[in-house]
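Keep in mind the model is a prediction, meaning the values are calculated, not measured. Reckoned from all heavy atoms, side chains included, excluding hydrogens, waters and symmetry mates.
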Amino acid sequence: MTTLQTPTAGLDVATIRDDFPILSRTVREGRPLVYLDSGATSQRPRQVLDAERLFLETHNAAVHRGAHQLAEEATDDYEAARSKIAVFTGAEPEELVFTKNATEAINLVAYAMSNSSIRTGLGAESERFAVGPGDEIVVTELEHHANLVPWQELCRRTGATLRWYSVTEDGRIDLDSLELSERTKVVAFAHQSNVLGSLAPVEELVRRAQAVGALTVLDACQSVPHMPVNLTELGVDFAAFSGHKMLGPSGVGVLYGRTELLDAMPPFITGGSMIEMVRMEGSTYAPPPQRFEAGVPMTSQAVGLGAAVDYLSAIGMDAVFAHERELTRVALDTLREVEGVRIIGPDSLEQRGGAVSFVVDGVHAHDVGQVLDDRGIAVRVGHHCAWPLHRRFGIAATVRASFHVYTTVEEVAQLADGVRAAREFFGVA
Amino acid sequence: MTTLQTPTAGLDVATIRDDFPILSRTVREGRPLVYLDSGATSQRPRQVLDAERLFLETHNAAVHRGAHQLAEEATDDYEAARSKIAVFTGAEPEELVFTKNATEAINLVAYAMSNSSIRTGLGAESERFAVGPGDEIVVTELEHHANLVPWQELCRRTGATLRWYSVTEDGRIDLDSLELSERTKVVAFAHQSNVLGSLAPVEELVRRAQAVGALTVLDACQSVPHMPVNLTELGVDFAAFSGHKMLGPSGVGVLYGRTELLDAMPPFITGGSMIEMVRMEGSTYAPPPQRFEAGVPMTSQAVGLGAAVDYLSAIGMDAVFAHERELTRVALDTLREVEGVRIIGPDSLEQRGGAVSFVVDGVHAHDVGQVLDDRGIAVRVGHHCAWPLHRRFGIAATVRASFHVYTTVEEVAQLADGVRAAREFFGVA
Amino acid sequence: MQLEQMYQEIILDHYRQPHGAGLRDPFDAETHHVNPTCGDEVTLRVKLDGDGANRTVQDVSYESLGCSISQASTSVLTDLVVGKSVEEAFRILESFQEMAQSRGKIAGDEEVIGDGIAFAGVSKYPARVKCALLGWMAFKDAVARVKEEA
Amino acid sequence: MQLEQMYQEIILDHYRQPHGAGLRDPFDAETHHVNPTCGDEVTLRVKLDGDGANRTVQDVSYESLGCSISQASTSVLTDLVVGKSVEEAFRILESFQEMAQSRGKIAGDEEVIGDGIAFAGVSKYPARVKCALLGWMAFKDAVARVKEEA
Ligand SMILES: Cc1ncc(COP(=O)(O)O)c(C=O)c1O
Ligand SMILES: Cc1ncc(COP(=O)(O)O)c(C=O)c1O
């Protein structure tokens, strides 16, 4: 990847912050909000809010259904958003399906596979998605529940077996921990761990999966919002990400699937707008992406996500990545100096994005979080929907700080002070 | 139902219209927009747009996950919206699941049923949702594709058989056309047809379904937005509706399920926030409604839907219904006078809501729609996602006018003039 | 009034008196296409003649249920392709399709698409473009089937 | 500083020196509860004595992994319910739960919930209410299991 270089020029964070109304509020007893929870959900700039509102006050109608002017305009706006996101992620527009979030996107693939596994009434083209007893679905131990539980359930439904790569002590996927085989049908993994910040060796995993003819599913939730990602170049078969983590609206996510695969895949959610022909006796389905977008979609949200992509593109994803890299450096450097703090995940900047998780000896993450919250610092505490990963490290909960374009170095530096205060408060300092 | 009386007092439509920015725009060559396509999607009042924006500029965070102040506030707002919608529909908050639209809500039930039908790894409580060969799923011939195709697919997945009530010449469910049996597991039907406007005999259908122990699924997409609906009083087991048809945001819908049923039902979409305990070897799930809300949800959209419910409640659903009844009367009366127009559906106000569909002898619906569009009148043309119903009437497409609180009698009256113009234009007058 | 731009006289003429309508024997392939948004349908048959580069379209016959645009454009199709070589017919089809999908940006070449240029107005209405292409896509598909079978 | 309101000295004392910690034999039922948002866990055992209306809580023992709030509140639980009749223990539980879920609106009755009133501050933080109730719910569940088995 050429994407991980640090441009020297920094972001004009002060100007960026002016675009985010929520950042000027205070919390608790009048403390400025220090929002270090962008990994859970990011905040939205005015530009995104305005784009949605403009759409709703001017063009709103049901898309792909009506023939009146509003319906035409709404459909155009909706499809223009798809095209923008395609450019942003190096995909073709028809390779992108709008879902409600990344979780639905991953479930879409898992359900399309179990739907394929019931062979009644399907064409031969769906056979490549069928799995059954003896087949293996491979994930990793660091996955977010969204990229784990759907595969567990796929296995339950089909009799396939779930296997996984384990995680090394420094928070990397242990490539030696598992051998794929001809029975491996899917290799699903996170591009960037939402807990550890570590980046997956995508190229190597894709190579291994392709060598055995397995489909690759990339959970790009924590990469697409934070660095340049070209899905076609990565060579994965499917990818999923959410709007709300990339300055866009909630209620919209994206499934990427290579054209050839979406073409062959049976539908997941069925209903209006995804059909070709409906009779009481049976139905046939539209080509992708429509086949996978049943019902009136998240129209204004797609438009908002298009605006978010414009916003991020204007800044430049290289610059976004470089900015977060600097924040990560500051977080690691300052936290490392606090006694009793243990970083969970890579303690370097190598192959790493900006999520910094840690534990504090003698103070539970919830209690650390409470002290930080009292100082206006919003972090996430718990297992961050990666419970097995936490178990792997023998811990119940971590504190996680995560960033976006609006995060300042000063904010990150407050973190270590807050942790020190927590240690004092709980008498372990 | 006591809900269908016409209060004498009308709505202050002029004041209401001021709340809807889009209604003041013009279309085509400067013509005022006459939006008669609310059955496809309604427009949003400023109050809904403002509520969403306020949330996003002040409280936005991932709900049910964080412990910081923003997360608390966001969770409170999200759950407060659920409570409002519960009051609005006569349900308990925990009986309501947020989905992306009604289509997902219906699919949720259909997939939970096929997931139950694969008995591996499930508790005994899910057995009541299991179906297989010999079992019957019953729908009606007037269903929207959203309440038909998911059941066809459930049958494909499980080997159950789809059966249906046919539709009478005047657009009612023909109760004599089918006998339920002990093998009937589901009876799914639309509260109000989105094409015909006819209201289903809910009480009788529920009685019949209960008599054979079948679950009832009410497609309330066209009722909840337009009349007072008390789901508990109706006695149905499940119901589905969409935010965007009731002045609320797109990207949010609701599944209602009786507590006892949601408690026993296995999940559909799986991932974060819907779990109880996750291990690599397997997971257990949270109680409803969380069990059915995987991933970061449509937070601001739920808040917007709460605001829409406030808006509708302030007007009063009796008044909304009465208003639309008057509009329907005007539509029927004026269209009836146009030569060559045939109303598809009840030509009276009895057991009927406000969707008026018709064909014009010698002029295709698309062409009628185009002439209307040229005059600024936005209607829906086609089969309105109810293709089998159109086939039943031997037609490919109808023109449909549909209304909401902002629709005026004058707008509706323009419809008939537009149809006359279409007949002239195409030389059939 | 923009209506007249869309429904040019040529279109209305073809609509009222469609050329080549009805299903005829003999034929080499038959296709059935629908417009999923409005339910419009066309059943279309082609009869080819000769082979290789000399292959020509001997007959196109059809039965359709649809709006004026879809009916008129199928009528225009038969005028344009019957008697032409398959290669030439496909050139016309491409040209017509390009214009129809151009959002009013391409006027169309009357030399190539004849009465087809009347549909330039339709191309400004994205929801109607599918209507204008319904018969054409059925024709394309039918010819492909003949080729497949050969 | 609102922190002191939440983490009252009583809470910190119980957290540092939890009462009744450890798993002991004999017991009638054991439950394992987790807080799904943070992964905190408690394994809790109850030993009842007598029967009917005279049934009393003879012992509550537990092992827990969790934050100060969940640890302290389980410690307070044992203080409050051990030696009480089951009926009385449930009254205390209800009272504690009511306070904990009151969003700071109910101060709690010291006569009934003793040191439990220190958690009134926690009730203002909805995300922490589950922590405060973790041990209590495990206790409720354990007693219910004993009853079920009887
Ligand atoms: C009767 C009926 N059912 C279901 C739906 C599907 O709703 P949605 O597209 O919002 O999921 C609609 C509207 O499109 C409808 O009118
Ligand atoms: C790595 C990763 N995968 C999946 C998800 C799920 O995304 P969503 O909740 O938006 O569906 C998240 C975020 O919650 C994530 O960080």
Side-chain angles (χ1 to χ4, degrees), chain A residues 21-22 25 27-28 37 40-41 43-44 49 53 56-58 60-62 65-70 100-101 103-104 107 118 120-121 144-146 149-150 152-153 156-157 164 244 250-251 269-272 275 278-280 282-283 294-296 298-301 369 373 378 380-381 385 387-388, chain B residues 21-22 25 27-28 37 40-41 43-44 49 53 56-58 60-62 65-70 100-101 103-104 107 118 120-121 144-146 149-150 152-153 156-157 164 244 250-251 269-272 275 278-280 282-283 294-296 298-301 369 373 378 380-381 385 387-388:
Chain A
I22 202 172
R25 75 163 273 183
V27 289
R28 298 304 174 203
D37 197 17
T41 201
Q43 298 299 341
R44 279 67 145 168
L49 303 178
R53 185 140 189 159
L56 289 168
E57 293 191 344
T58 325
N60 179 54
R65 294 191 178 186
H68 51 75
Q69 184 178 345
L70 246 48
K100 67 174 174 177
N101 52 23
T103 303
E104 185 197 340
N107 275 268
I118 299 156
T120 320
H144 188 281
H145 297 163
V149 186
Q152 292 178 334
E153 284 287 320
R156 187 186 75 77
R157 290 195 298 270
W164 53 89
H244 68 89
S250 59
I269 293 181
T270 58
I275 57 97
V278 177
R279 298 180 186 279
M280 293 309 289
S283 304
V296 170
M298 45 298 291
T299 329
S300 68
Q301 292 79 18
D373 177 52
R380 178 107 180 257
V381 296
C385 301
W387 205 334
Chain B
I22 202 171
R25 75 163 273 181
V27 289
R28 298 303 173 204
D37 197 17
T41 201
Q43 299 299 343
R44 279 65 144 169
L49 303 178
R53 185 141 190 159
L56 290 168
E57 294 191 344
T58 325
N60 180 54
R65 294 193 177 186
H68 51 75
Q69 185 178 345
L70 247 48
K100 68 174 173 177
N101 53 23
T103 302
E104 185 198 340
N107 276 268
I118 300 157
T120 321
H144 188 282
H145 296 163
V149 186
Q152 291 178 335
E153 284 287 320
R156 186 186 76 76
R157 291 195 298 271
W164 53 89
H244 68 89
S250 60
I269 294 180
T270 57
I275 56 95
V278 178
R279 298 178 185 279
M280 293 308 289
S283 304
V296 171
M298 45 299 291
T299 329
S300 68
Q301 292 80 16
D373 177 52
R380 177 106 181 256
V381 296
C385 301
W387 204 335

If you take all heavy atoms of B:Pro21 and B:Arg44, which pair is closest and at what distance? CD-O, 4.0 Å
Heavy-atom proximity to chain B below 4.5 Å, by part of A:Glu153: side chain
Output the option from A:Thr103, A:Thr270, A:Val149 having the highest count of non-hydrogen pairs under 4.5 Å with chain B. A:Thr270
Highest number of heavy-atom pairs under 4.5 Å with chain B: which of A:Asp37, A:Val381, A:Val296? A:Val296
With a 4.5 angstrom heavy-atom cut-off, is it the side chain or the backbone of B:Asn60 that approaches chain A, or both, or neither? both
Note: vs chain B, highest number of non-hydrogen pairs under 4.5 angstrom among A:Ala67, A:Gly272, A:Ala40 is A:Gly272
In this structure, CG of B:Asp373 is separated from CD of A:Gln69 (nearest 0.5 Å) by 6.5 Å
Using non-hydrogen atoms only, which part of B:Leu49 is less than 4.5 Å away from chain A: side chain, backbone, both, or neither? both
Using a 3.5 Å distance criterion without hydrogens, assess whether the side chain of B:His68 forms a donor-acceptor pair with backbone atoms of A:Gly369. no
Specify which of B:Gln301, B:Lys100, B:Met280 makes the most heavy-atom pairs with chain A at under 4.5 Å. B:Met280
So what's closer than 4.5 Å to chain B heavy atoms on A:Leu56: side chain, backbone, both or neither? both
When A:Ser250, A:Ala61, A:Gly295 are compared by non-hydrogen pairs under 4.5 Å with chain B, the top option: A:Ser250
Between A:Gln152 and chain B, which part of the residue has a heavy atom less than 4.5 Å away: side chain, backbone, both or neither? side chain
For the candidates A:Arg380, A:Glu57, A:Met298, which exhibits the highest count of non-hydrogen atom pairs separated by less than 4.5 Å from chain B? A:Glu57
If one checks every heavy atom of B:Arg53 against chain A at 4.5 Å, the contacting part turns out to be side chain
What part of B:Ile269 lies closer than 4.5 angstrom to a heavy atom of chain A: side chain, backbone, both or neither? both
Option in A:Gly121, A:Ala62, A:Pro388 with maximal non-hydrogen atom pairs under 4.5 Å from chain B: A:Pro388
To the nearest 0.5 Å, what is the distance between CG (A:Leu70) and CD1 (B:Ile22)? 4.5 Å
Heavy-atom pair of closest approach, residues B:Trp387 and B:His145: N-NE2, 3.1 Å
N/O donor-acceptor pair under 3.5 Å between B:Arg156 side chain and A:Ile118 backbone: yes
How far does OG of A:Ser300 sit from NE2 of B:His244, to the nearest 0.5 angstrom? 11.0 Å
Under 4.5 Å from any heavy atom of chain A - which part of B:Arg25: side chain
